[in-house]
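Below is one structure, written out as structure tokens; comments come after it.
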Amino acid sequence: MGVGSAMAPGDTLAADSLRGFSSEQLIRFLRTPRGRVAYGVVGSGPPLLLDLGRANHLEAFWRHPAYRLFVQRLARHFTVIRWDRPGFGLSDRDAPDLSEAGELCQIEHLVRSLGIDRLAILAGHDSGPIMIDFAARHPDLVSRLGLFGTSADGRLLAPSLPPLVLETLTRQESLAIHQVVAATLASGFDAQATSWLVNAVEEAAGAQTIRRLLEETTHLDARPSLPLLRIPVLVLHRRGDHLVPSAVGRKLAGAIEGASFEVFPGAEHLPFEGDVEPVLRALTRFLGEGESAEAAPGAELLSARELQVIRMVTQGLTSGQIGYRLGIGRRTVEAHLEHVRLKLGVRSRAQIAAWAASGQLREVVQKSAS
Amino acid sequence: MLGPSVRRLEHRGHRVAYAVHGNGPPLLCDLGRLHHLDVFWRHPGYRRLVERLAQEFSVIRLDRPGCGMSDRSSADFTVPAEVELFDHLLDHLGLEQVAVFASGTSSQVMLAVAALRPERISRLVLLGARASPHPETDAQYPPLRALLETEPRLAIRIVAQTTAAGGAETTVDWLADAYTRAVSGDVMRQFLDESVWLDVRELLERVCCPTLVLHRREDRLADLSASREVAAGIPGAILLPLDGASGLPWEPDLDALLKPLAGFLKPDLHTRLPGPLMLTPREQEVARMVAQGLTNAQIAERLGIGRRTAESHIQHVRNRLGLSSRAELAAWSAVSLGEAAG
């Protein structure tokens, strides 16, 4: 699959120097067969694709303080990537493809264009079934999957409106259909948050696109993919969710081998409204586990000299200083560090230090001593 | 406080005024085409912005022909004239490339320059950019133009109000006054005639330098769809929405602007060295002698100046060029002043 962007691979998440200076999102555009696709990046750390629903608009959602805060909290631990599908938000709007096949193709394009090996995904509402399918097909691209307020069966996610009603609601580009969708999603929201969401959905897409969205959502069915999921999955749900009852979430978790289910107080269908603290705790715990757990496998292979070098990196010494202390050349130190990076499966010196600081260095040393 | 000295460039038989502040790699700071080097410099917010940038860059500002401290007898705001002026200014300064920060009325034309002179702009930061005419130009420009004929002061105030939208009333007053000092009514009219219909959409694809499009969320002149059009059209560009309404970069919050601005421009800090004309003739002479391997004492003797003075010249040159050692200065001189030295 061709990457239509003029940027070098890996540069797409770049502007690292820039991200450190702003808690605002940086928005970039990919060139794809369906036009330009906008994605927003905020924060630093391991990559997390946050996709809480298809009716999205990067800026209109970001303007909502509760939403922004939710993302910024995640951004303390992760490089949070959000996107607007073709047809929505800041992406080109003339060629949406909301079918299952179209979605899978676009998501793969997005993920591969980001120039990263693997990412975690948190999906909500109608992104849930799509991301289940995506993760089942691409275990090489997805490390962990969080599913919030969703179902594998699309019919449970869209209001079932008779074709005639849909027709009436979308007549003459009126905003009636936006209001139906927003009112559905705002399940459990207070009046102020509901009114914001109505505006955001109105800004997100034209009436015909919203209509296609509703029609296609009822056709989504990821149930066949559930037994195929081979990555850690956490299903999250609010107890009082009226739109998608928590029993649906429990059933979803039960159908995925090894999946956990966590239920939270409140009635909000979307995670960023209501009591977000317990949700954020569960998410950072689950999504963050991958880091150390996956870095560990090669740790037993570290040599005594490599462990010595790691300790000095943790103390903040430069390669030159380490070489001086150990009586070896700087090049040799760099070679040691390269081996350490390979064994731990990390990319940077800072990640080596973080790995050591997380207490795992001690563990390895104790193990090798015993 | 003393402003920086204004220098002049002969361009098409007219004198163009420009100023250079600070040390480091060159940054063309183009914050509006209706500009006046001195009047803007006296605005505290504007000056703070330039001074902060000047801590890390050699900030270049200019008045276009017909404006400010440049020759007022003729103006030309068309894209070909802008490109020619840009080329000439860089040649005059001995620069192959500059980074550019452009806002407001400058941003659109600098997009065109970046597309037409891709090899001469290293990085581009825009604030309040549009690629196509404002959708209400058809309806709003003709009455404004008529007003310029009959009530020029009122018309200029309206232009200021639009640019500083969301800013304090005093800011609008100041900007209207600054415009009045910067250009005559005729030049203002010529400027609007030559710029309000400008459409650079087809050029966006050809902008190939790293580009940051800053957007103020409440900006009415360049709203989200305008900024989005610019960022989505330039390959690899970054769109960064910020809080605020004003098209004036220093309002409302200078830090919120400067952090991403400097962060974006920084990767280039040590990769591009400014050309020799960033230095005074005496500084160039000193730099050449360093390249020839002369000691400070020898340099002082040849120039008939004190050793301390020679040292301070060298220190100043190094600061200005952002070089950390004498060896780097020698290497720079050999490359940049090589021919002149022979």
Side-chain angles (χ1 to χ4, degrees), chain A residues 3-32 34-42 44 57-65 68 71 81-84 86 88-94 113-115 199-200 203-204, chain B residues 52 56 115 118 123-127 129 131 201 204-219 223-245 253-271:
Chain A
V3 174
S5 153
M7 287 165 287
D11 182 47
T12 26
L13 280 183
D16 275 310
S17 59
L18 191 48
R19 260 190 287 144
F21 286 104
S22 184
S23 56
E24 294 282 359
Q25 58 174 336
L26 300 176
I27 297 167
R28 304 188 86 156
F29 297 86
L30 288 176
R31 277 129 211 264
T32 78
R34 295 205 164 259
R36 289 159 305 185
V37 169
Y39 66 95
V41 181
V42 60
S44 53
H57 185 302
L58 286 169
E59 251 299 282
F61 274 68
W62 189 253
R63 286 197 291 256
H64 183 52
R68 192 194 293 204
V71 177
I81 302 144
R82 294 147 53 245
W83 72 308
D84 288 333
F88 291 87
L90 296 175
S91 291
D92 282 351
R93 299 210 176 174
D94 39 11
S113 303
L114 293 172
N199 288 329
E203 208 175 329
Chain B
R52 290 278 296 275
E56 292 182 44
R123 277 174 182 257
L124 179 61
V125 181
L126 302 167
L127 173 72
R201 275 177 288 188
L204 295 178
E205 190 69 36
R206 290 161 65 180
V207 176
C208 58
C209 61
T211 302
L212 174 64
V213 180
L214 298 166
H215 167 70
R216 289 259 169 78
R217 291 201 167 92
E218 314 300 324
D219 191 332
D223 61 9
L224 180 60
S225 65
S227 300
R228 188 262 175 203
E229 182 173 60
V230 172
I234 300 172
I238 298 172
L239 172 63
L240 175 57
L242 300 169
D243 286 335
D253 182 356
L254 185 56
D255 280 329
L257 178 89
L258 272 175
K259 281 183 181 173
L261 178 64
F264 182 75
L265 292 172
K266 247 180 192 163
D268 270 9
L269 267 183
H270 299 290
T271 58

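Within every chain, numbering begins at 1; the chains are lettered A, B, ... in the order of the sequence lines, protein sequences first and strands thereafter.
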Point to revise | Under 4.5 Å from a heavy atom of chain A, the part of B/Ile234 involved | key: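 Contact with chain A: backbone only.
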**Study point:** Carboxylate-amine/guanidinium contact B/Lys259 A/Glu24, below 4.0 Å
**Key:**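 Looking at B/Lys259 and A/Glu24, the cut-off is not met.
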Exercise for review: Determine, for B/Asp243 against A/Arg63, whether the closest basic-nitrogen to carboxylate-oxygen distance falls under 4.0 angstrom.
Suggested key: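 No salt bridge links B/Asp243 with A/Arg63.
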Check your understanding: If you count heavy-atom pairs under 4.5 Å with chain A, which of B/Pro210, B/Ser225, B/Ala232 comes out on top?
Key ->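 Heavy-atom pair counts peak at B/Ala232.
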**Study point:** Single hit among A/Leu58, A/Ile27, A/Leu26, A/Leu90 for side chain to side chain contact (heavy atoms under 4.5 Å, CB included) with B/Pro241
**Key:**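 Among A/Leu58, A/Ile27, A/Leu26, A/Leu90, the one that satisfies the side chain to side chain contact (heavy atoms under 4.5 Å, CB included) with B/Pro241 is A/Ile27.
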Point to revise | Sole candidate of B/Arg228, B/Arg217, B/His215 that passes side chain to side chain donor-acceptor pair (under 3.5 Å) when paired with A/Glu59 | key: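 Answer to the side chain to side chain donor-acceptor pair (under 3.5 Å) test with A/Glu59 among B/Arg228, B/Arg217, B/His215: B/Arg217.
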